[in-house]
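Numbered from 1 within each chain, the chains take letters A, B, ... in sequence-line order.
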Amino acid sequence: MSELNEQQSRAVLHIEGPLLVLAGAGSGKTRVVIHRIAHLLEIGIPPAEILAVTFTNKAAEEMRNRIRNLKNAFILASTFHSLGSRILRESIHHLGYETNFSIYDEDDSEKLLKSIFQDKGLSAEKGPLKEARSFISRSKNDLLTPEQSGSGDLLSSLYQSYQEKLKECHAVDFDDLLFLTVHLLQSHPSVLEMYQNRWRFLLIDEYQDTNFAQYTLAKLLSASHHNIFAVGDPDQSIYSWRGARYQNILNFSSDFPGATIITLDQNYRSTTTILEAANALIEHNENRFKKHLWSSLGEGDKIGLYTAMNEKQEASFVAMQINQIKRRNSIGLNEMAIFYRTNAQSRPFEDALLSQKIPYTIIGGVSFYQRKEIKDLLAYLRLIVSEADLISFLRTINLPKRGLGPSTLDKIVAAAQEHQRPILSFCRSLLEDPNLAPGLKLGPKAKQGLSDYLSILDTLRKQQPYLSLSDLLKETITRTRYLSYLQEDKETEQDKKENIDELLAKAIEWEQEQESPSLTQFLEELSLKTSSREDPEIPTVKMMTLHNSKGLEFPIVFFVGLEEDLLPHINSKDDASAVEEERRLCYVGMTRAKRKLYLTHAVYRYMWGTERYMRPSRFLKEIPAEYTEKKEF
DNA sequence: GAATCGTCTGTTTTT
DNA sequence: CAGACGATTC
């Protein structure tokens, strides 16, 4: 306790009733949260009654570990989405869904939506498809059912069909993990009561980034006991595009009557220079609650500004600086990070670091689990669990080629739909009774292919109870002849094989960690997990998007690509509030730095295959010159 | 039904 | 530039 300042101690000692901690960047928020949980445990609250909701899986994992190390106790720490899936796995039958539902990612749900467009005879162009996707997503995040989302117009009827089809597939999408959970709890008071009794102390991190569904979920779960402990910072709200409403944090005291509000405004992370520069920047936001963070860590170095000719030079500059800092100041690579606005910007940095032999790790990025070979295999695994998972069926049925092309599949799917049967069991019946669907005749090749396919799945399903997860995966790879399928493309074969090995390693590692590993649980975890694994043995420079940097800190930060149209991003240009969000994003990036911050931009940059002239970001001009110094190569 | 070639088209950010 | 998609041919 002696390490805490007065406001921090007040927050830590808070026990019952609603509390909001307005925690500025670097104000010791994590420390408060951990100590507060520890305190609850000390006064005898059972760990099982504590639920901590964080924004990322990584943060959840960290919180679990710290509590375990500190108090040897296991609390439930998860993201809103994992929490939703946990609740649904247990209670979704109240809504008439199967318990073994699949979780569809963006890719899967887009495919499903596309098939709906085709069913309805609409042209499935990207534009309209995307529009419908985001309409549906937005509606769910705002807790609107298809009926509520619009009166019989096209979009809401697409939403309606989409939702029906998901259910037919025994699947839910990401947004459903929140939407259906809230729906379930609202429509079944006894279920709600069960969870309210289970988790009597609720902690919500990054409260400024909750959307309406998440906010409602938090409210529901705490409605009986009001023990909600929310932490957030409106200046770091950067997810409005996902439906987040930072107003939630401003409305906290009216939402939760009798709420205590504690402000943490002393920064323990950054030098005064970095902090004042960030303060100056964020003060350009009109729509903002005034606050001023201060630091007692001393002035420190000036912020390094570097103007590169192009993105290649920008990357070499950073690589060179990294080597120099490492040599001269003996600072490890783990202490350094590169932040950018878009994932595509990582490319030149990868090249530069590679050529300078600097090991790096990309946090986030194109997820391992989104790679085709991984998704293919996971789709097979899903089908072992689910009879109805249409998207996984379509993904795997002709892979390797089994003589079932688009037109045959269209017919099969339509017939299954007509008969209202899960896709796999329909196919099985179809083979037994060729007259099942008149007008659907399978050629000998297709028939053989389908029968091969089904018997692979049947065998795997029969073996499942006797095999460990990793052996089941191995068996899947063998039986489906997946590796020989990969040989068709010699270019990518090696990479993909390595990825598959990694998946196997992951499965082995996972089943060793779990007490009772189940396939369903494994699949669930993988579909919710985005971050790829890193080797803790080797120190590496971390590269990530600004969004991914939230909640982290590094002694040395290279914040790159500060150019108009990139930051603020071109899509935010005509919208004042969107520009303010970009500014908050910039603020988040800057305030991650503890000792030294570099801001770089390039004059020319290759985009869409052509060289573009880039103007320095307006945000650079908003940082007073007294805090910065120009750097040369 | 499968393979190949060309055309288009697009890029935020993520659970 | 790269990946996705469609048209064309076998």
Measure the distance from CZ on A:R133 to C1' on B:dT15 and round it to the nearest whole Å.
-> 12 Å
Donor-acceptor contacts under 3.5 Å from residues 229-236 of chain A side chains, at least two apart:
from: A:D233; atom 1: OD1; to: A:D235; atom 2: N; distance (Å): 3.0
from: A:D233; atom 1: OD1; to: A:K291; atom 2: NZ; distance (Å): 2.6
from: A:D233; atom 1: OD2; to: A:Q236; atom 2: NE2; distance (Å): 2.8
from: A:D235; atom 1: OD1; to: A:R288; atom 2: NE; distance (Å): 2.8
from: A:D235; atom 1: OD2; to: A:R288; atom 2: NE; distance (Å): 3.1
from: A:D235; atom 1: OD2; to: A:R288; atom 2: NH2; distance (Å): 2.9
from: A:D235; atom 1: OD2; to: A:K291; atom 2: NZ; distance (Å): 3.0
from: A:Q236; atom 1: OE1; to: A:R592; atom 2: NH2; distance (Å): 3.2

Separation of A:L585 atom CG from B:dT14 atom C1', in whole Å?
-> 12 Å
Above 12 or not: heavy atoms from other molecules or residues under 6.0 Å from CZ of A:R86?
-> no
Considering only side-chain heavy atoms of A:Y239, which listed nucleotide, B:dT14, B:dT15, B:dA2, is closest?
-> B:dT14
Contact check, residues 75-86 of chain A vs DNA chain B, heavy-atom distance under 4.0 Å, returns A:T79, A:H81
Test applied, side-chain contact (heavy atoms from CB on, under 4.5 Å); reference residue, A:S527; option that passes from A:D105, A:D108, A:I103 | A:I103
Return the 5'-most residue of the pair A:G403, A:E582 with respect to DNA chain B, ranking by each residue's nearest nucleotide.
-> A:G403
With A:D209 as partner, the option from A:R245, A:R584, A:K550 fulfilling salt bridge (charged side-chain N to carboxylate O under 4.0 Å, His left out) is A:K550
All ring pair (Phe, Tyr, Trp, His ring centres under 6.0 Å) counterparts of A:W241, not counting sequence neighbours = A:Y239, A:H547
Whole-Å distance between B:dT14 P and A:N211 CG?
-> 16 Å
Taking only N and O in the side chain of A:N548, is any of them less than 4.0 Å away from OP1 or OP2 of B:dT14?
-> yes
NA contact type, A:D209, heavy-atom cut-off 4.0 Å: base, sugar-phosphate, or nothing?
-> nothing
Check whether any side-chain nitrogen or oxygen of A:T545 sits under 4.0 Å from OP1 or OP2 of B:dT14, and answer yes or no.
-> yes
Starting at atom CZ of A:F174, determine the distance to atom C1' of B:dT14, rounded to an integer number of angstrom.
-> 9 Å
Residue whose nearest DNA chain B nucleotide is more 5′ - A:E106 or A:L404 | A:L404
Distance check: side-chain N/O of A:N571 vs OP1/OP2 of B:dT13, anything under 4.0 Å?
-> no
Just wondering, do A:W241 and B:dT13 stack (centres under 5.5 Å, planes under 30°)?
-> yes
Should the pair A:E206-A:K29 be classified as a salt bridge under the 4.0 Å nitrogen-to-oxygen rule?
-> yes
Take the protein atom CD1 of A:I362 and the nucleotide atom C1' of B:dT14, then report the distance between them rounded to whole Å.
-> 16 Å
When all nucleic acid strands are considered with a 4.0 Å heavy-atom cut-off, which category describes A:K573: base, sugar-phosphate, or nothing?
-> nothing
In whole angstrom, what separates A:R371's CZ from C:dA4's P?
-> 14 Å
If you draw a 6.0 Å radius around NZ in A:K312, do more than 12 non-hydrogen atoms from other residues or ligands fall strictly inside?
-> no
Hey, is the side chain of A:N343 poking within less than 4.0 Å of OP1 or OP2 on B:dT14, counting only N and O atoms?
-> yes
Mind calculating the distance between CG (A:L88) and C1' (B:dT15) to the nearest angstrom?
-> 14 Å
